Amino acid sequence: MLTLKQLRDDKELAIRKLAKKGVDAAPVIAKIEDLDDRRKALQIELDGCFAEQNKAAKLIGALMGQGKKEEAEAQKERVTWLKNRSAKLAAEAKEVADLLQAAIVLLPNFPADIVPEGKTAEDNLVVKLVETYTELPENPLPHWELARKYDIIDFDMGVKLTGAGFPVYKGKGARLQRALINFFLDCNTKAGYLEIEPPIMVNEASGFGTGQLPDKEGQMYHATVDNFYLIPTAEVPVTNIYRDVILDEKDFPVKMTAYTPCFRREAGSYGKDVRGLNRLHQFDKVEIVQLSLPEVSYAALDGMVAHVESIVKALGLPYRILRLCGGDISFTSALTYDFEVYSEAQKRWLEVSSVSNFESFQANRLKLRYKDADKKMQLAHTLNGSSLALPRIVAALLENNQTAEGIRIPEALIPYTGFDIIK
RNA sequence: GGAGAGGUGGCGGAGUGGUCGAUCGUGCCGCACUCGAAAUGCGGUGUACGGGUAACUGUACCGGGGGUUCGAAUCCCUCCCUCUCCGCCA
């Protein structure tokens with residue numbers, strides 16, 4: 001959520017920035033200005049009304065003490081009248097405040113200056129391309145066939161137990177999952193991230209804090225009896241640790257990492273996108289989250305990108321890094337880098353990580369603040385990234401490392417898997 | 001799930017209808033004393049939304065929401081949470 005200050009301080013700049021995200025913000029901002037002005041006017045009136053009521057109530061106390069009953073009664077009548085008026089004003093003020101809130105949450109975050117212009121994924125900027133292709137056998141198999149061939153992932157069993165998009169990992173497949181999780185967590189903790197094991201269900205307040213609610217409600221599984229939501233990413237519980245928190249400047253940076261299963265309804269997905277491991281309702285992911293001082297948040301983002309890159313590199317997969325264009329970047333993000341690994345058998349790039357700086361957009365909702373050197377309250381910056389999401393990494397590992405003998409495990413993973421080949 | 005006790009400022013803990021945004025202690029910050037520190041003394045120390053160049057000032061906030069009342073931290077309703085005991089249980 002943008003702040004009023006961001007929108008009102010330099011309106012033209014705000015409109016230009018939002019245009020890059022494909023939003024015509026001029027009418028919305030005009031409406032916001034109008035509502036904000038009305039809100040202030042109502043607030044002044046309401047506060048004055050309350051002030052009079054408070055004065056009168058105190059006066060009544062004093063008059064009663066002096067035994068001046070009649071004068072007290074007269075004041076009582078006045079307060080009754082004032083109460084009536086303030087109730088009306090309060091209702092109006094709330095209505096205006098709600099409209100204002102509703103208008104502000106419609107606007108996406110400002111994109112950073114270096115975000116490329118563009119509307120679709122075609123316009124994303126490839127900032128790095130590392131092709132480490134290995135020799136594959138003739139007619140390489142896609143991962144869903146490899147999974148069946150080596151009996152390590154059972155998609156049909158998942159359908160029996162739950163439904164499509166809930167695979168069952170077996171034997172070396174299950175062990176590979178565990179190995180990757182541990183490998184990723186170790187990489188992250190070595191880089192200074194504090195390991196967290198959060199709840200994988202969250203309440204409404206947390207869903208709102210990171211922006212899943214109310215807009216993406218349909219994307220989350222909802223346990224209605226207790227009104228809990230299954231998390232779509234560890235970002236939700238981990239970032240919400242700092243909801244309603246006021247930090248000190250010296251507390252920064254805050255670096256956290258967590259492994260969790262992630263649950264996404266993915267309503268509306270179909271076709272090759274959902275084949276095999278490409279898109280699931282339940283999947284494993286290790287996430288990194290940083291809270292940063294505003295002046296260094298882009299340096300922090302670069303650090304996170306370099307960190308994720310080091311992990312992808314260690315796995316020996318062909319990858320590229322994209323800087324997302326204005327049209328493809330998420331609603332909440334100011335700058336996002338996507339990591340994609342190449343799936344040789346599917347002949348397509350698979351997104352395995354998305355690393356973003358949200359600047360103060362999330363912090364505003366979370367009320368995550370700090371006191372600066374002048375003791376003034378400021379919003380912190382939040383950042384997060386996948387480090388990494390498992391399914392597509394697994395897909396790429398299986399496809400790119402297939403040999404006539406079996407599937408080779410990358411050197412870095414062998415200490416975690418305890419085997420060097422799946423056959 | 002049942003019964004009971006609670007939820008007050010960074011922390012501890014007063015406060016059962018008016019002068020309470022809240023006694024006091026502690027922590028923290030500043031000043032004094034000191035070569036320095038400790039101890040001691042004095043002063044300051046919440047958040048949000050407004051008004052004001054500023055000093056300052058208005059309003060709201062004592063778990064959340066609602067109600068009673070001229071007036072609510074205090075009384076009532078409701079929800080959430082914590083603790084103790086019982087039940088169940090990985």
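Bear in mind that the values here come from a model prediction, so they are computed numbers and not experimental data. Chain naming here is simple, since letters A, B, ... match the order of the sequence lines and numbering starts at 1 in each.
The side chain of Asp47(A) sits closest to rU59(B) out of rG50(B), rU59(B), rG18(B). Side chain of Asn54(A), nearest nucleotide from rC70(B), rC49(B), rA60(B): rA60(B). Of the candidates rC70(B), rU47(B), rU59(B), the closest approach to any side-chain atom of Lys371(A) belongs to rU47(B). Of the candidates rA60(B), rG58(B), rG50(B), rA60(B) carries the atom nearest the Phe50(A) side chain, counting heavy atoms from C-beta on.
Nucleotides rC62(B) and rU19(B) place their P atoms 15 Å apart, quoted to the nearest Å. Rounded to a whole angstrom, the distance from the P atom of rG13(B) to that of rG67(B) is 33 Å. As rounded to the nearest Å, rU16(B) and rA73(B) have P atoms that lie 13 Å from one another.
The shortest side-chain heavy-atom distance between Glu117(A) and Lys20(A) falls under the 4.5 Å cut-off. Using a 4.5 Å heavy-atom cutoff, the side chains of Leu366(A) and Tyr242(A) are not in contact.
Atom pair Leu82(A):CG and rG71(B):P shows a separation of 11 Å (rounding to whole Å applied). Rounded to whole Å, the distance from CD1 on Ile44(A) to P on rU57(B) is 18 Å. rU59(B) atom P lies 18 Å from atom CG of Leu42(A), rounded to whole Å.
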